[in-house]
Amino acid sequence: MAQSRFHYEEATAVRRAVLFPGQLQDWVPAACAVVAEHLRHHGIAPNGFPFARCHPLLDGVVEVEAGFPVAAPIADSGLVGPSTLPAGPVLAVWHNAPDRKIAESYQVVDEWLAAEGATPTGDSWEIYHDLPSCDHLGTRIEIVQPIAFTHACPTTVTRRAAVDGRDISTAG
């Protein structure tokens, strides 16, 4: 299901790296584990599910940060540092299929943006509602894309798309 909503800024604790996209599947779960251990060691409770956000760079690499939302900004330790997830309108799309099929859910994002006359205003992030493990990122992933509408009143659109043999309903 796709829905637009307002996202409030969130402080986060993250690990950062510059990687090729093929390295993300192994790196993200390990990075989340390091951040979780850092937070535990410092008596800080995560304020939500683990996430990852990629910033495309030149030459096909991405700068990635992965970690957890926290209630207040943390100090930079070198290994784990502070960041934020931005405030503003976002589109949220649920991916409930194997992580290797996530490109199909990103296609739903692109189709919704085109149908609603909206544009991305920053890099998306993925929230892992199943804790990532060493061999996969999970099957309940929420894709969050910051957006702006190019017209005054967004309309509601409902579509059905098949992913992994199941229907995924999308509504604006």
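Positions are given from 1, in the same order as the sequence printed here. As a basis for the values below, the full set of heavy atoms in this structure was taken, side chains included, without hydrogen atoms, waters or symmetry mates. Being a predicted model, the structure only gives us computed values, none of them experimental.
V14 and V61 fall into different hydrophobic clusters, where Ile, Leu, Val, Met, Phe, Trp and Tyr residues are linked whenever their side-chain heavy atoms come under 4.5 Å apart, directly or through other members. Connection of W27 to V18 is not established within any shared hydrophobic cluster, with ILVMFWY side chains joined at heavy-atom distances below 4.5 Å, either directly or through further cluster members. Tracing side-chain contacts under 4.5 Å through hydrophobic residues (I, L, V, M, F, W, Y), one reaches V109 starting from V62; they form part of the same cluster.
Counting heavy atoms from C-beta outward, P146 and W125 have side chains that approach closer than 4.5 Å. Contact of the P29 side chain with the Y128 side chain is not registered, since no non-hydrogen atoms from C-beta on lie closer than 4.5 Å. Using a 4.5 Å heavy-atom cutoff, the side chains of E116 and I147 are not in contact.
With values rounded to the nearest 0.5 angstrom, E9 atom CD is found 9.5 Å from T12 atom OG1. Taking CD of E142 as the start and CD of Q3 as the end, the distance is 8.0 Å to the nearest 0.5 Å. The distance from the CZ atom of R15 to the NE2 atom of H38 is 11.0 Å, given to the nearest 0.5 Å. Of the inter-residue distances, the one linking Q145 atom CD with D110 atom CG reads 8.5 Å to the nearest 0.5 angstrom.
Across V93 and S105, no two heavy atoms sit closer than the pair CG1-O, 4.1 Å. Scanning both residues, D76 and G78, for their nearest heavy atoms gives OD1-N, 2.7 Å. Contact between V35 and A66 at its shortest, heavy atoms only, is CG2-O, 3.7 Å. Between G48 and P69, the shortest heavy-atom contact is CA-CG, 3.9 Å. When all heavy atoms are compared, the tightest approach of V64 to C54 is CG2-SG, 3.7 Å. The minimum heavy-atom distance between P46 and L39, with the atom names listed, is CG-CD1, 4.1 Å.
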Please report, to 0.1 Å, the donor-acceptor pairs under 3.5 Å made by any side chain of residues 83-91, with sequence neighbours excluded.
| unit_1 | atom_1 | unit_2 | atom_2 | d |
| --- | --- | --- | --- | --- |
| S83 | OG | E65 | OE1 | 3.2 |
| S83 | OG | E65 | OE2 | 2.8 |

Next item on the list: Evaluate side chain to side chain contact (heavy atoms under 4.5 Å, CB included) for E126 paired with I102, printing each intermediate quantity in order.
Entry: CA-CA 10 Å; E126 297 175 359; I102 198 159; 3.5 Å; yes
Next item on the list: For H95 and E104, run side chain to side chain contact (heavy atoms under 4.5 Å, CB included): C-alpha distance rounded to whole Å, both residues' side-chain angles, the deciding distance at 0.1 Å, then the answer.
Entry: CA-CA 9 Å; H95 173 81; E104 296 172 26; 6.0 Å; no
Next item on the list: Could you check F51 against V144 for side chain to side chain contact (heavy atoms under 4.5 Å, CB included), going step by step and ending with a plain yes or no?
Entry: CA-CA 10 Å; F51 76 96; V144 181; over 6 Å; no
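Sorted by first then second residue, the side chain to side chain donor-acceptor pair (under 3.5 Å) pairs that include residues 44-60, not counting sequence neighbours, are H55-D123.
Shown here are the side chain to side chain donor-acceptor pair (under 3.5 Å) partners of H7, two or more places apart in sequence or in another chain: E10.
The environment of CZ in F20 is sparse: at most 12 heavy-atom neighbours from other residues, nucleotides or ligands sit within 6.0 Å.
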